[in-house]
Amino acid sequence: MAQILDGKALAATIRGEIAARVADRTRAGKRPPGLAAVLVGNDPASHGYVRSKHKACLEHGLHSTVHRLPEETTSSQLLDLIDRLNADPTVHGILVQLPLPRHIEKEAIVRAIVPTKDVDCFHPENVGRLTTGFPRFYPCTPHGVVQLLNRYNVPVAGREVVIVGRSDIVGKPLAVMLMQKPTADNPAAGDATVTVAHSRTDNLAAVCRRADILIAAVGRASLITADMVKPGAAVVDVGTNRVGHAWMGDVAPEVAAVAGWLSPVPGGVGPMTITMLLYNTLAAAEQIDG
Ligand code: NAP
């Protein structure tokens, strides 16, 4: 049976490390790292995500504010709020929860956040820095996946990685991180041989079977079945799919009998994503306030 990549346990360890560093800063008379979350509209899943992020901040000594705006908020009202948060010295990280209502132009909002406070790492300047090997921040979900692999000692350098999914939030930045050469400026780089698969990939099963590390970031329950997995491979399941009242990943349960390592859903990548958001908010405070 696969060894479990326990994101809940690892998240608790890393959150402990973050809380200790936050407490040191506070003792030294510095402001606590502050996160401002902005939520527009009534999407229940988004409200749930923002609640979890807010709670995690407060539990670990970070300052957290949530700005809940009605569905009919205009782009210009949202841009005004972002301007205020950009200028607020108690705010080190700004997070605009996606998706935004359709009448708001997402790209303009993402670009309005000052890059030094862009803790999601969505701003083109930060994407460019990541891609050229000088990250200011690592994007939260890809960084959570890399931390899971590294802290469970899954060999990555030189290995075949297959990532299923090419989104700007997960698949694409994760491919960039895992393919790059590690340097002092880019310590989380993986030195792996990376293939990115997507909905147009021919013979997905054969591509996946090449992987020493298979990462599923699609959003389709049980897309990855046991016959698609090389025996002993590490399988990281990023997918979160609501099936009835339960959450399921993109990886079918029977994969546990074939894989060498497997991240569960829930309790795998999810808690790691929020943890890396706290990590980035602390990093932003260190970069801004010293
Ligand atoms: P997304 O933007 O919808 O991207 C999905 C990707 O999967 C696309 O590249 C798409 O290909 C590909 N795809 C769709 N059907 C496929 C198929 N049958 N075979 C192969 N590839 C297929 O989704 P996302 O934002 O990356 O999120 C992916 C999943 O991860 C979702 O379940 C999401 O909820 C979850 N997620 C979890 C966390 C966490 O913290 N746990 C964080 C972020 C996302 P095309 O590009 O060709 O359309």
Side-chain angles (χ1 to χ4, degrees), residues 4-11 14-15 37 43-56 95-100 106-107 110 119-122 127 137-149 161-178 194-211 214-225 227-229 235-244 246-252 255 262-280:
I4 297 300
L5 298 172
D6 186 341
K8 203 168 162 199
L10 179 56
I14 299 177
R15 289 179 193 196
D43 178 47
S46 294
H47 276 264
Y49 294 140
V50 167
R51 254 195 318 276
S52 303
K53 291 167 184 176
H54 178 63
K55 182 166 167 269
L95 172 158
V96 176
Q97 186 65 44
L98 301 178
L100 287 166
K106 183 189 103 184
E107 288 312 315
V110 166
V119 284
D120 267 332
C121 196
F122 293 161
V127 175
F137 304 113
Y138 288 116
C140 302
T141 302
H143 196 193
V145 171
V146 170
Q147 288 288 332
L148 262 183
L149 294 172
V161 174
V162 173
I163 301 170
V164 189
R166 58 177 164 184
S167 73
D168 290 340
I169 297 177
V170 188
K172 198 191 290 177
L174 186 53
V176 167
M177 289 176 69
L178 289 174
V194 179
T195 301
V196 180
H198 46 76
S199 67
R200 299 296 304 273
T201 296
D202 282 340
N203 202 347
L204 181 66
V207 173
C208 289
R209 271 194 301 271
R210 294 209 305 257
L214 177 61
I215 300 166
V218 175
R220 290 205 178 189
S222 296
L223 176 75
I224 305 295
T225 46
D227 59 305
M228 299 166 80
V229 176
V235 180
V236 181
D237 192 351
V238 182
T240 47
N241 308 291
R242 193 89 183 155
V243 180
W247 287 104
M248 282 194 68
D250 291 345
V251 176
V255 168
L262 177 62
S263 74
V265 176
V269 176
M272 293 300 295
T273 294
I274 297 185
T275 301
M276 301 333 289
L277 176 69
L278 303 186
Y279 180 94
N280 281 353

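When a ligand or atom number is given, it counts from 1 through the structure's own listing order.
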Notebook entry, point to check: Any N/O of D250 closer than 3.5 Å to an N/O of ligand 1?
Noted result: no
Next item on the list: For ligand 1, note which part of R220 has a heavy atom under 4.0 Å away: side chain, backbone, both or neither.
Entry: side chain
Next item on the list: Flag the pair V238 / D250 as yes when at least one side-chain heavy-atom distance between them is below 4.5 Å, and no otherwise.
Entry: no
Note to self: If the contact criterion is a heavy-atom separation under 4.0 Å, does A197 count as touching ligand 1?
What the structure shows: no
Check: In terms of atom number and element, which parts of ligand 1 are under 4.0 angstrom from non-hydrogen atoms of T141?
Finding: 40 (O), 42 (C), 43 (C)
Next item on the list: Please confirm whether the backbone N or O of V170 pairs with a side-chain atom of S167, one donor and one acceptor, at under 3.5 Å?
Entry: yes
Check: Relative to the heavy atoms of G270, which atoms of ligand 1 are at a distance of less than 4.0 Å?
Finding: 40 (O), 41 (N)
Next item on the list: Name the closest protein heavy atom to atom 39 (C) of ligand 1, giving the residue it belongs to and the distance to 0.1 Å.
Entry: T273 OG1, 3.7 Å
Next item on the list: Compute the shortest N/O to N/O distance between S199 and ligand 1 and return yes if it is under 3.5 Å, no if not.
Entry: yes
Next item on the list: For atom 3 (O) of ligand 1, grab the closest protein heavy atom and report residue, atom and distance to one decimal in Å.
Entry: V218 O, 4.3 Å
Note to self: Suppose I only count heavy atoms of H198 and a 4.0 Å limit; which atoms of ligand 1 are within that range?
What the structure shows: 11 (O), 20 (C), 21 (N), 22 (C), 47 (O)
Next item on the list: Count the heavy atoms belonging to other residues, nucleotides or ligands that lie under 6.0 Å from OH of Y138, then report whether that count exceeds 12.
Entry: yes
Notebook entry, point to check: Hey, which atoms in ligand 1 end up nearer than 4.0 Å to a heavy atom of V164?
Noted result: 20 (C), 21 (N)
Notebook entry, point to check: Atoms of ligand 1 less than 4.0 Å from V170 heavy atoms?
Noted result: 26 (O), 43 (C), 44 (C)
Note to self: Tell me the closest heavy-atom pair linking M228 and I224, and the distance in Å.
What the structure shows: SD-CA, 3.8 Å
Notebook entry, point to check: If hydrogens are left out, which of G7, C208, S167 has an atom nearest to atom 26 (O) of ligand 1, that is, the closest non-hydrogen atom?
Noted result: S167
Next item on the list: Find all atoms of ligand 1 within a distance of less than 4.0 Å from any non-hydrogen atom belonging to G165, and give their numbers and elements.
Entry: 6 (C), 7 (O), 9 (O)
Margin query: Does the residue G239 have a heavy-atom contact with ligand 1, meaning some pair of atoms that are separated by less than 4.0 Å?
Written below: yes
